[in-house]
Protein chains: 2
Amino acid sequence: MNPTIHDVARQANVSISTVSRVVNQPLAVRKEKRDRVLQAIEQLGYEPNPFASGLRDRATKTIAAMIPDITNPFYAELFRGIEDIAREQKNNVIICNTDQDEARFLEYMSYFKKKKIDGLIFVSAAVTDAHHATFAELQVPVVLAATDGERFGLPYVKVNDYAAASDAASFLIKNGHRSIGVISGPADDPIAGIPRLAGFRDALAAYGLPHGANAVAYGTYDFDSGYEAMRKLYGTMPELTAVFAASDAMALGAMAFLQRRGMEVPRQISIIGFDNISLSRMVTPALTTVAQPVYEIGKQAAAMLFRRIGNPQDEAQSLVLGHEIVVRDTVWNRN
Amino acid sequence: MNPTIHDVARQANVSISTVSRVVNQPLAVRKEKRDRVLQAIEQLGYEPNPFASGLRDRATKTIAAMIPDITNPFYAELFRGIEDIAREQKNNVIICNTDQDEARFLEYMSYFKKKKIDGLIFVSAAVTDAHHATFAELQVPVVLAATDGERFGLPYVKVNDYAAASDAASFLIKNGHRSIGVISGPADDPIAGIPRLAGFRDALAAYGLPHGANAVAYGTYDFDSGYEAMRKLYGTMPELTAVFAASDAMALGAMAFLQRRGMEVPRQISIIGFDNISLSRMVTPALTTVAQPVYEIGKQAAAMLFRRIGNPQDEAQSLVLGHEIVVRDTVWNRN
DNA sequence: TTGTAGGCGTTATCAA
DNA sequence: TTGATAACGCCTACAA
């Protein structure tokens with residue numbers, strides 16, 4: 001049995017209300033008594049029972065992180081950032097693998113309405129009207145990580161995808177590439193699909209390089225779709241010297257396709273990815289990629305959430321974190 | 001505000017105890033009333049407030065999973081198994097990244113003593129006396145996943161590492177290899193270090209193949225240590241035709257070393273790994289490996305934990321799950 | 001078979 | 001500044 005507020009009160013020879021005050025608003029208690037209580041708390045190792053406070057409708061010291069799939073290294077690392085901050089704040093984080101499934105999402109959300117959480121971090125998927133409506137019902141702060149909330153006025157932490165993709169294009173061009181293919185995310189994905197493709201194309205255009213529709217193949221960010229996309233791309237444009245993939249997993253897929261076809265990467269075809277997941281340095285040749293500060297995104301999103309939980313009026317300022325190109329071995333310098 | 005048991009009672013025109021009974025032991029209520037209550041529950045969308053029941057019965061509907069690092073794909077997948085079962089059981093799971101750090105482990109444990117959890121799954125690390133003592137203090141069921149509990153009588157779910165390593169050896173031998181190196185886990189790791197090395201060596205011996213100490217290098221299961229180990233191994237025994245690595249990450253590291261040295265895998269040197277993490281199929285050539293049913297290990301461990309939570313006297317039967325060799329492209333047939 | 005009442009540990013209100 | 005007390009929602013003796 002854990003010590004309760006009564007045990008502390010008895011030990012310190014005060015009433016339970018005083019103990020409660022010491023815990024919640026220490027300034028309202030005369031120093032002498034406060035010290036006695038503090039000492040008793042220390043001695044007994046007292047900590048408020050979260051269920052009792054929860055019942056009283058106070059904080060649950062629990063936040064939820066809604067992510068597509070923890071098995072995906074990108075999300076795993078982002079989640080790690082969230083978790084580390086939550087731990088610092090002595091909060092628990094409930095992990096929700098949505099598998100991008102609407103039903104599953106709703107199931108979790110209705111669960112949270114009952115169970116009560118203090119806040120929610122929604123990761124990576126595009127926010128729909130349905131999502132937004134459900135968030136509102138929750139009545140707790142919501143922060144977005146690695147996805148955009150502009151449209152709904154939701155605070156977010158992400159990277160500038162457009163600019164990052166644009167930088168990838170510049171990098172390829174500076175390395176002498178002119179005939180460049182793109183493996184994009186879904187054409188209707190407003191987060192990592194549209195902006196990355198647009199950023200890349202616009203940069204090409206700025207260099208006076210036309211970029212036709214046949215130089216793009218679409219995937220779903222995973223290895224297999226990258227493999228497939230590369231097959232298509234190579235089928236229609238064998239003259240390509242470089243490919244930009246909107247995710248590292250797709251880049252790896254593309255690379256696998258090429259290598260298994262006996263093509264040499266990067267000598268014959270260069271590849272640049274996006275994300276900088278841990279695997280990217282493990283393959284050979286090691287993948288050159290646009291790095292997102294994934295872990296940091298998780299951390300900042302969590303920090304922002306706790307700030308808002310602590311102070312609900314706080315108009316959270318969304319954050320756009322920097323990206324950088326990690327140069328490894330998959331881009332050939334043709335100059 | 002969510003509907004409470006009182007709302008349901010009023011709506012169904014019965015007392016709150018009747019409602020409570022309908023929820024907890026439906027058989028004890030006359031069918032007629034039961035139906036009325038059920039209907040009211042349905043109508044109002046009533047669900048018991050977990051804080052209230054938690055306060056009363058001190059069941060938290062929360063388990064903890066203690067893993068080294070969620071960022072590691074092997075653990076991520078195992079964790080996914082745990083989480084899926086927990087969700088089925090309407091439980092939350094708190095994730096604990098120990099980073100193999102003793103202090104961190106203790107911090108979590110003392111936290112749980114306060115916060116209360118219904119059970120704990122301890123993943124992968126060897127159980128020490130200190131661990132065991134701490135588990136006992138917790139007073140809740142503990143189940144081990146991917147590690148051994150024989151010594152302390154703790155129930156576990158794992159694979160037969162000795163046999164699996166032995167199979168790896170046979171596989172290499174059947175493919176005509178005679179000069180084989182091993183990248184082992186730490187020499188003092190009783191879980192995945194000692195048994196895998198022993199199983200491998202014994203199998204070699206059974207085929208009449210001597211296996212000297214210089215044919216072994218030790219790593220710590222991660223990519224970099226595999227890379228390093230391969231460098232050493234190759235330095236002392238350049239005549240090797242095959243290498244067994246005690247983890248896929250190390251296998252990938254070894255492969256990277258060889259490829260970056262211009263060696264051809266598998267033509268010149270074959271490699272077989274252990275785990276079958278998702279990355280292993282993404283590299284080229286795709287890694288041949290001994291597959292552990294990781295996800296299943298997580299699921300079974302969680303299922304076992306809930307069984308024990310439900311019935312504490314239940315003498316949980318430890319589980320040894322099957323392994324299999326997943327043949328891909330890194331082992332050359334020399335016959 | 002059903003209902004009443006007490007208690008789980010906290011916090012907030014109100015009096016002292 | 002402090003203390004007594006009433007909720008919060010649920011479960012389960014115990015009484016009817």
Side-chain angles (χ1 to χ4, degrees), chain A residues 1-38 40-41 44-62 90 111-118 139 309-310, chain B residues 1-41 44-62 90 113-118 139 310:
Chain A
M1 202 67 231
N2 289 321
T4 75
I5 200 171
H6 287 100
D7 301 324
V8 177
R10 197 174 321 125
Q11 172 110 354
N13 206 13
V14 297
S15 77
I16 61 165
S17 338
T18 301
V19 177
S20 179
R21 275 189 208 98
V22 170
V23 172
N24 299 298
Q25 2 168 355
L27 332 77
V29 177
R30 192 189 308 276
K31 181 163 188 337
E32 186 202 329
K33 280 198 177 183
R34 197 194 325 159
D35 289 343
R36 243 162 57 215
V37 171
L38 252 17
I41 287 181
L44 270 41
Y46 166 77
E47 280 202 23
N49 178 322
F51 286 91
S53 332
L55 183 56
R56 280 279 323 184
D57 220 346
R58 300 280 272 99
T60 61
K61 290 276 185 188
T62 302
K90 307 228 174 246
Y111 181 67
F112 291 147
K113 259 184 291 181
K114 311 276 150 65
K115 179 82 179 186
K116 287 280 234 136
I117 50 175
D118 293 347
Q139 312 250 22
I309 288 174
Chain B
M1 205 63 231
N2 289 320
T4 75
I5 201 171
H6 289 99
D7 300 323
V8 178
R10 197 173 322 121
Q11 171 110 354
N13 206 13
V14 296
S15 78
I16 59 164
S17 7
T18 302
V19 176
S20 179
R21 278 190 205 99
V22 170
V23 172
N24 298 298
Q25 359 168 355
L27 331 76
V29 176
R30 193 188 307 275
K31 180 162 187 340
E32 187 201 329
K33 282 199 178 183
R34 196 195 324 160
D35 289 343
R36 247 166 48 218
V37 171
L38 252 17
Q39 194 188 341
I41 288 180
L44 270 41
Y46 165 77
E47 278 201 26
N49 177 323
F51 288 97
S53 10
L55 180 56
R56 224 194 99 57
D57 329 322
R58 32 194 40 91
T60 61
K61 290 275 184 188
T62 301
K90 308 224 173 250
K113 259 185 289 181
K114 313 275 151 68
K115 182 83 176 187
K116 282 286 225 142
I117 50 174
D118 292 347
Q139 313 251 23

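Only this structure's heavy atoms are used, side chains among them; waters, hydrogens and symmetry mates stay out. Proteins get letters first, then strands, A, B, ... in listed order; numbering begins at 1 in each.
When the nucleotides C/dT10, D/dG9, D/dG3 are ranked by their closest atom to the side chain of A/P48, C/dT10 comes out on top. The side chain of A/H6 has C/dT10 as its nearest neighbour among C/dT10, D/dG3, C/dC8. Looking at the side chain of B/S15, the nearest of the listed nucleotides D/dG3, C/dT4, C/dG9 is C/dT4.
The residue A/V29 sits close only to the backbone: its heavy atoms come under 4.0 Å of sugar-phosphate atoms, none of a base. Counting any heavy atom pair closer than 4.0 Å across all strands shown, B/I5 reaches sugar-phosphate atoms only and no base atom.
OP1 or OP2 of C/dT10 has not a single side-chain nitrogen or oxygen of A/K61 nearer than 4.0 Å. For the OP1/OP2 pair of D/dG3 and a distance below 4.0 Å, the side-chain nitrogens and oxygens of A/T18 include at least one atom meeting the criterion.
As rounded to whole Å, 17 Å separates atom P of C/dT10 from atom CG of B/N49. Between the OH atom of B/Y46 and the P atom of D/dG9 there is a distance of 10 Å, given to the nearest Å. The CZ atom of A/F51 sits 12 Å away from the C1' atom of C/dG9 (whole-angstrom rounding). Rounded to whole Å, atom P of D/dT1 lies 13 Å from atom CD of A/E32. Between the CG atom of A/L55 and the P atom of C/dG7 there is a distance of 16 Å, rounded to whole Å. Nucleotide D/dC8 holds its C1' atom 13 Å from the CG atom of B/D7, rounded to whole Å.
In this structure B/N13 satisfies the side-chain hydrogen bond (donor to acceptor under 3.5 Å, both in side chains) test with no other residue, sequence neighbours excluded. Partners of A/D7 under the salt bridge (charged side-chain N to carboxylate O under 4.0 Å, His left out) rule, at least two apart in sequence or in another chain, are A/R10. In this structure B/D35 satisfies the salt bridge (charged side-chain N to carboxylate O under 4.0 Å, His left out) test together with B/K31, sequence neighbours excluded. Listed by chain and residue number, nothing satisfies the side chain to side chain contact (heavy atoms under 4.5 Å, CB included) test with A/Q139 (two or more places apart in sequence, or in another chain). Taking the side-chain hydrogen bond (donor to acceptor under 3.5 Å, both in side chains) definition, one finds that B/S20 meets it with B/N24, sequence neighbours left out. Checked against salt bridge (charged side-chain N to carboxylate O under 4.0 Å, His left out), A/R34 has no partners two or more places apart in sequence or in another chain. When the side chain to side chain contact (heavy atoms under 4.5 Å, CB included) test is applied to B/I16, the partners found at least two apart in sequence or on another chain are B/I5, B/H6, B/A9.
Summary of helix geometry: the two end axes of the helix from C/dT1-D/dA16 to C/dA16-D/dT1, each defined by five base pairs via their C1' atoms, are inclined to each other by 50° (rounded to 10°).
Here the side chains of A/V14 and A/V37 are in contact, with some heavy-atom distance below 4.5 Å. When side chains are defined from C-beta on, A/V22 counts as touching A/L38, because their heavy atoms get closer than 4.5 Å.
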Polar-atom pairs under 3.5 Å, protein N or O versus N or O of nucleotides 12-16 of chain C: list them with distances, or write none.
from	atom 1	to	atom 2	distance (Å)
C/dA12	OP1	A/R58	NE	3.4
C/dA12	O4'	A/R56	NH2	3.3

